[in-house]
Amino acid sequence: MSTLNKRYILLILSFFLLAYILPLGVRDLVVPDETRYGEIPREMIASGEWISPHLNGLRYFEKPVLGYWVHAGSLLMFGENNFAVRLPSALSVGLSALLIYVLVWRTSRRENEDGGFPAILATLVFLSCFEVFGVGNTAVLDSLFSFFLTATITAFYFATESPPGSGREKGYLFLAGLSCGLSFLTKGFLGFTVPVLAVAPYLVWQRRYADLLRMSWLPILTAILVSLPWSIAIHLREPDFWRFFFWNEHIRRFMADNAQHKESFWFFFLTAPGMFFPWVFMVPAAVPGIKTRLFEQGAAGRLLKFCLCWLVLPFLFFSFSNGKLLTYILPCFPPFAILIAFGLLHVLKKDTRSRLFQGGIVVNTILFSLILVAFLYVQLFGFNGFRPYSQAWKAVMVVNGLAYFVLFLVWAFRSRTTVSKTLLLGLSPLLLFFVVHFTIPDLTREVKSPGPILEQYAQGIDSKDIVISDKNSIRAVGWYLKRNDVYLLGGTGELDYGMKYKDAAGRLLDMQTAVDLIQNNRGRTVLIARVKHIARWRDQLPQPVFQDQSGPEGYVIWKF
């Protein structure tokens, strides 16, 4: 490896550390997702129950178990803190980036392309996409799931490039099955669906019809064997798990008219482009290069065909489903990064001042300059009484991040070499990514982060005290107070299924029962809830002896 390539790799590693790893612990956990993926693993560790996931001591069957195990391992290694809760997501992004690098490097090395720079660029494109950054710095299962899918699809592609029937092919097929099984244990049957949607059309496109069956049995068998031990264990422990998980989390979510997060078919087409910033405006410049290289005879042409199937078919699948969240399309980002890298380098090799490329930079520059101006106006003069930050230093950090973004875009526009133009574009969001960790807007912290007020009073809440929570706060209450016996008032939310079991009897309170519980336990009852809920309950509850709140839109803690 040349000294220059080592410098590029060091640059990518620095980007990953600054944007994804070093600032992970500085932000408060947000509800509901981050506190959920902290609390369920914490309860696993505390109870020793590693088969059946529980939240607040109640059965929680929305996902299989592997994601919770990974988070529990992080908590055991680094302690019960914000950094440990988010680390699995960030590491998953790093490992996905490594797979992208290896996949493109092996292809470009075989064809002696640009000293391996396509691998550097594809990795940078992936790491600098807004959605990859946002999800990779949040404690959810999507980045981990996407990593296992990327590993599955990458291993299968390497198998297609190996001599048929060889030990190398079988080894890659085994690895594909292993990672496929792990993806199933993370988010369920999508772990099988997405690889099939990527791989099968590619084999048909290559007219390798016999390989559809010949290359399928080993990864399928391996995936089943990986999934089987826990699948049987959870069935024996909780016979209703698979019924609920299959019908509620797959059929209802993806097909039912009342699907969770229901959106139209066009939802991703309209909203996803913003998730691919800053590279979405480079697509017109990359398309001619992709079209040219797509039909080349050689490894690069095959890889681009494979990535096109990997990008388009899963994207359409998620678009046809009724339930949609932007995080669902995260598996589409690795092939997008590879296609963009090859397409741009092919075009820029012919003309470093490509009008489409330069035009994409100009659009990026105008957009983020407008965002900078709008932010300054709202922060300085307010908008309907709203200002993002009460602390000036946070506003200054955001201004610096946006200004850095714009300056690097201008620098990329003026640069005259392919390498510098693409690197500067990829590095343009770095400072913004870094400062975001320290500059969560005041209203967002107030509404989404009950941690500060819970940490402030956690020491004064005894393990024998009775704790009551609303459905919005329950995950955070469990995490910060280290409790799994919290009563619910005002509805069950996502704990509805767990409440149906006999051992959950009495955990959901109506107002009269809550009043009686408080009256019978004066001096040792605590209520934690959103301000908006307290406003409705205030006249029906006894007068607290102590009260505090995190803000007019935040959380209230009452002690009776």
Side-chain angles (χ1 to χ4, degrees), residues 18-20 22-36 38 81-83 85-86 130-131 133-140 274 277 326 368-405 429-458 469-477 479-481 527-536 538 547-558:
L18 287 171
Y20 288 87
L22 297 181
L24 269 184
V26 302
R27 294 174 288 121
D28 297 313
L29 298 182
V30 300
V31 295
D33 293 325
E34 292 198 308
T35 48
R36 178 196 305 123
N81 54 64
N82 300 350
F83 177 86
V85 174
R86 295 189 179 107
F130 276 31
E131 176 162 319
F133 168 77
V135 180
N137 282 279
T138 306
V140 290
F277 281 165
L326 282 173
F368 286 98
S369 296
L370 291 174
I371 291 173
L372 174 57
V373 171
F375 173 81
L376 282 169
Y377 178 87
V378 173
Q379 180 62 34
L380 292 174
F381 303 106
F383 180 77
N384 292 332
F386 168 75
R387 282 184 173 85
Y389 301 105
S390 58
Q391 297 167 296
W393 67 268
K394 290 185 177 181
V396 171
M397 289 185 73
V398 174
V399 169
N400 286 335
L402 289 169
Y404 170 99
F405 202 147
L430 177 57
L431 185 59
L432 183 62
F433 284 178
F434 181 76
V435 303
V436 160
H437 293 274
F438 301 88
T439 57
I440 303 301
D442 296 341
L443 183 60
T444 301
R445 291 186 71 242
E446 186 178 318
V447 173
K448 302 293 288 184
S449 300
I453 192 169
L454 289 172
E455 288 179 318
Q456 183 180 353
Y457 295 106
S469 170
D470 65 358
K471 62 185 179 182
N472 297 93
S473 314
I474 184 66
R475 295 154 292 260
V477 171
W479 169 255
Y480 288 103
L481 302 187
L527 171 64
I528 300 151
R530 283 287 304 275
V531 169
K532 64 180 182 180
H533 293 150
I534 290 291
R536 295 201 307 266
R538 184 180 296 274
Q547 59 182 311
D548 196 4
Q549 69 181 54
S550 61
E553 300 294 331
Y555 296 81
V556 171
I557 182 165
W558 279 7

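Note that the coordinates shown come from a computational prediction; the quantities given were computed from them, not determined experimentally. Sequential numbering from 1 along the given sequence is applied to the chain's residues.
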Nearest 0.5 Å, please: how far is [atom2] in [Y] from [atom1] in [X]?
| X | Y | atom1 | atom2 | value |
| --- | --- | --- | --- | --- |
| Y20 | L24 | OH | CG | 11.0 Å |
| F130 | L432 | CZ | CG | 6.0 Å |
| M397 | L402 | CE | CG | 12.0 Å |
| W393 | N400 | CH2 | CG | 12.5 Å |

Is any side-chain heavy atom of [Y] closer than 4.5 Å to one of [X]?
| X | Y | result |
| --- | --- | --- |
| I528 | L454 | yes |
| E446 | P552 | yes |
| I557 | Q456 | no |
| I371 | F405 | no |
| R86 | N82 | yes |

Open item on the list: If you count heavy atoms of other groups shown closer than 6.0 angstrom to CZ of F438, is the number above 12?
Closed with: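 Result for CZ/F438: enclosed.
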Open item on the list: Atom CZ of residue position R445 - does it have more than 12 heavy atoms of other residues, nucleotides or ligands inside 6.0 Å?
Closed with: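 Not more than 12 within 6.0 Å, no.
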Open item on the list: Given L29, which partner from the list E34, R36, K448 fulfils the side chain to side chain contact (heavy atoms under 4.5 Å, CB included) test?
Closed with: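 Looking at E34, R36, K448, the match for L29 under the side chain to side chain contact (heavy atoms under 4.5 Å, CB included) is E34.
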Open item on the list: Test side-chain contact (heavy atoms from CB on, under 4.5 Å) on V30 and I440; report intermediate values, then the result.
Closed with: CA-CA 11 Å; V30 300; I440 303 301; over 6 Å; no
Minimum heavy-atom separation for [X] to [Y], with atom names?
| X | Y | answer |
| --- | --- | --- |
| D28 | P452 | OD2-CG, 3.4 Å |
| P388 | Q379 | CD-OE1, 3.2 Å |
| Y555 | I453 | O-CD1, 3.8 Å |
| S550 | G554 | OG-CA, 3.4 Å |
| F434 | L18 | CD1-O, 3.1 Å |
| F433 | F133 | O-CZ, 3.2 Å |

Donor-acceptor under 3.5 Å ([X] side chain, [Y] main chain):
| X | Y | answer |
| --- | --- | --- |
| N472 | R530 | no |
| T35 | V31 | no |
| S473 | S469 | no |
| T439 | K394 | no |
| Y480 | A458 | no |

TODO: Report the residues that fulfil salt bridge (Lys or Arg N to Asp or Glu O under 4.0 Å) with R475, sequence neighbours left out, ordered by chain and then residue number.
DONE: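 In terms of salt bridge (Lys or Arg N to Asp or Glu O under 4.0 Å), with neighbours along the sequence ignored, R475 is linked to E494.
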Task: Verdict with supporting geometry, Y404 and L430, side-chain contact (heavy atoms from CB on, under 4.5 Å) - done: CA-CA 8 Å; Y404 170 99; L430 177 57; 4.0 Å; yes
